[in-house]
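Here the structure comes first, spelled out in structure tokens, and everything after it is commentary.
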Amino acid sequence: YADDLPPGVIFAEIADDNFLVGMDELKKWGDLQDMMREGDLLPLELQNIYEGVAKAPGTEKLSEEGFEALYEAIDSLFEDDDENEEEPEDEGITEQQASSKIKLLDAIKQFGMDEERLPCGLDSTDTEVALMLEIASNVEQESTNMINSETEVQATDIAGSWELMYTTSSTMKFNKSLSGMVPPNGKFGGLVQTFKASKYLADVEYLEKINAGPASFDVKVTGDWELRDTVSLFTGTRSVAVSVVPDSVTYGLTSQRADHWKSLGPMNLLDIVYLDKDLRIMRGTTSMEAIFIFKRV
């Protein structure tokens, strides 16, 4: 990116009337905007780099010296990529495919670095959500995806414990959790989904942590689950869905039936759109923009 223009020239083109550059002026930097649209640079990464560069005295903007420092910091992110381009491509998984999953995990890691934000993307911006949906779509095309292979997905492929890493679910974002049980002074602390599969049993358990200081507690949801071979409403292609029927919700000494617990609805029927030994991506069966990303634990 920006190989043809040195940072001083870019600075002169985008600087304001006071010969300074802020976040608004950076929107005029075409190559930078291309990086962000293509997902090579995350908005949070740019914000972190910008905040780490010294500002012009008495302002929140960059002088030419500060802009050059920003430029070098961004450029350094791509040095490893330039080196890798010279290496021969491995057989099997392509470099582009391998980088899609890495890019997804890196994006989730970046979002989780700010401890003031809710985990699992529950307060992601529209820009961040759009970026994650795009990266997730790329990951779905990887040759490592069991869903795209001729091998039939078995219950044993899903069995085990999975931690929710990220979701774009509008219902979970609204409730700031899955259960909707977060008190005014509390905060969603994470969710683990455990599937048990045997010849006679197909049980599921959600364990949601609610952080509220000394009053912190767990919410446990139990029920039954099954795999369903379906056809996607959006693509018309074969799809494998996980159907969950919640039975009970337990928190503290209280246990209630879950059949009318509406906040659980978004996870009751989801298509598996990506699956390998340690990563699973689910999409809503009626909304392509509702995704849930889990890692095996």
Side-chain angles (χ1 to χ4, degrees), residues 1-56 59-86 94-114 116-117 121-142 165-168 170 173 281 288-289 291 293:
Y1 292 101
D3 287 339
D4 297 331
L5 295 176
V9 174
I10 299 172
F11 178 82
E13 289 184 347
I14 67 174
D16 64 13
D17 293 339
N18 295 317
F19 213 56
L20 297 173
V21 167
M23 291 298 291
D24 287 339
E25 285 72 35
L26 288 177
K27 295 176 183 177
K28 303 175 186 177
W29 183 3
D31 285 319
L32 178 68
Q33 298 308 309
D34 288 343
M35 294 180 212
M36 297 178 69
R37 274 193 298 271
E38 295 171 10
D40 293 326
L41 180 68
L42 302 176
L44 186 60
E45 287 180 305
L46 175 61
Q47 187 68 42
N48 289 339
I49 293 173
Y50 183 85
E51 291 177 356
V53 175
K55 309 300 187 295
T59 76
E60 290 299 317
K61 293 189 173 185
L62 306 177
S63 63
E64 182 172 2
E65 182 180 355
F67 177 79
E68 290 182 356
L70 176 86
Y71 179 97
E72 294 298 331
I74 293 173
D75 188 58
S76 68
L77 297 176
F78 300 95
E79 289 180 354
D80 290 340
D81 292 342
D82 292 339
E83 293 174 1
N84 291 337
E85 288 176 1
E86 300 175 1
T94 67
E95 182 179 347
Q96 180 180 2
Q97 290 172 331
S99 65
S100 295
K101 181 177 175 181
I102 293 172
K103 190 179 295 182
L104 180 76
L105 298 176
D106 283 348
I108 294 172
K109 182 179 179 180
Q110 285 289 330
F111 295 150
M113 291 179 65
D114 187 348
E116 296 299 316
R117 305 182 72 182
L122 293 189
D123 53 6
S124 291
T125 65
D126 291 344
T127 300
E128 291 168 344
V129 167
L131 176 62
M132 289 299 293
L133 289 171
E134 181 180 350
I135 299 175
S137 294
N138 292 335
V139 175
E140 291 169 23
Q141 306 308 314
E142 293 194 7
M165 300 175 68
Y166 188 88
T167 183
T168 61
S170 58
K173 293 178 74 172
I281 303 177
M288 287 286 286
E289 296 189 352
I291 65 171
I293 302 173

Residues passing the side chain to side chain contact (heavy atoms under 4.5 Å, CB included) test with Lys27, sequence neighbours excluded, are Asp24, Gln33

Verify, without hydrogens or angle tests, whether Thr168 (side chain) and Glu289 (backbone) share a donor-acceptor contact under 3.5 angstrom. yes

Using modelled atom types and a 3.5 Å cut-off, is there a donor and acceptor pairing between side-chain atoms of Glu25 and backbone atoms of Gly22? yes

Looking only at non-hydrogen atoms, find the nearest pair between Ile291 and Thr167 and report the distance. O-OG1, 2.9 Å

Between CG on residue Asn138 and CG on residue Leu104, distance to nearest 0.5 Å: 10.0 Å

As an exercise, state the distance from CD1 of Ile108 to CE of Met165, rounded to the nearest 0.5 Å. 4.0 Å

Can you tell me which residue pairs pass the salt bridge (Lys or Arg N to Asp or Glu O under 4.0 Å) test with a partner in residues 128-137, sequence neighbours excluded? Arg117-Glu128

Do Leu44 and Asp114 have side chains that approach each other closer than 4.5 Å (heavy atoms only, starting at C-beta)? no

All heavy atoms of Ala69 vs all of Val53, minimum pair found to be CB-CG1, 4.1 Å

Tell me every residue that passes side-chain hydrogen bond (donor to acceptor under 3.5 Å, both in side chains) with Thr127, counting only those two or more places apart in sequence or in another chain. none

For the residue pair Ser63 and Ala56, what are the closest heavy atoms and their distance? N-CB, 4.2 Å

Within the 4.5 Å heavy-atom criterion, are Leu46 and Met23 side-chain neighbours or not? yes

Restricting to non-hydrogen atoms, name the atom on Leu32 and the atom on Leu26 that form the minimum distance, rounded to 0.1 Å. CD2-O, 3.7 Å

At what distance, to the nearest 0.5 angstrom, does CG of Asp31 lie from CD1 of Ile74? 10.5 Å

Residue pairs meeting side chain to side chain donor-acceptor pair (under 3.5 Å), one or both in residues 42-51, sequence neighbours left out, come to Gln47-Glu51

Validation row: Leu131, Pro43 side chains within 4.5 angstrom (heavy atoms): yes

Distance, nearest 0.5 Å, that separates CH2 of Trp29 from CE of Met36: 11.0 Å

Test item: Val21 and Lys28 side chains (from C-beta on) under 4.5 Å apart, heavy atoms: no

Compile the donor-acceptor pairs under 3.5 Å between side chains in residues 9-18 and protein atoms, sequence neighbours left out, one pair per line.
{"from": "Asp16", "atom 1": "OD1", "to": "Asn18", "atom 2": "N", "distance (Å)": "2.9"}
{"from": "Asp16", "atom 1": "OD1", "to": "Phe19", "atom 2": "N", "distance (Å)": "3.1"}
{"from": "Asp16", "atom 1": "OD1", "to": "Leu20", "atom 2": "N", "distance (Å)": "2.9"}
{"from": "Asp16", "atom 1": "OD2", "to": "Lys61", "atom 2": "NZ", "distance (Å)": "2.9"}

CG/Asp75 to CG/Leu70 distance, rounded to the nearest 0.5 angstrom? 11.0 Å

Is the shortest side-chain heavy-atom distance between Ser100 and Glu142 below 4.5 Å? yes

Heavy atoms from other residues, nucleotides or ligands near NZ of Lys109 exceed 12 (cutoff 6.0 Å): no

Do Leu62 and Lys55 come within less than 4.5 Å of each other through their side chains, counting heavy atoms only? yes

Could you pull out the closest heavy-atom pair between Leu42 and Ala107, with the gap in Å? CD1-CA, 3.3 Å

Passes salt bridge (Lys or Arg N to Asp or Glu O under 4.0 Å), Arg37 versus Asp34? Steps please. CA-CA 5 Å; Arg37 274 193 298 271; Asp34 288 343; 2.3 Å; yes

Considering all heavy atoms of both residues, which atom of Pro7 and which atom of Tyr71 are nearest to each other, and what is their separation? CB-CG, 3.7 Å

Quick one: ring pair (Phe, Tyr, Trp, His ring centres under 6.0 Å) partners of Phe111, sequence neighbours excluded? Tyr166

Side-chain contact, heavy-atom cut-off 4.5 Å: Ile293 with Met132? yes

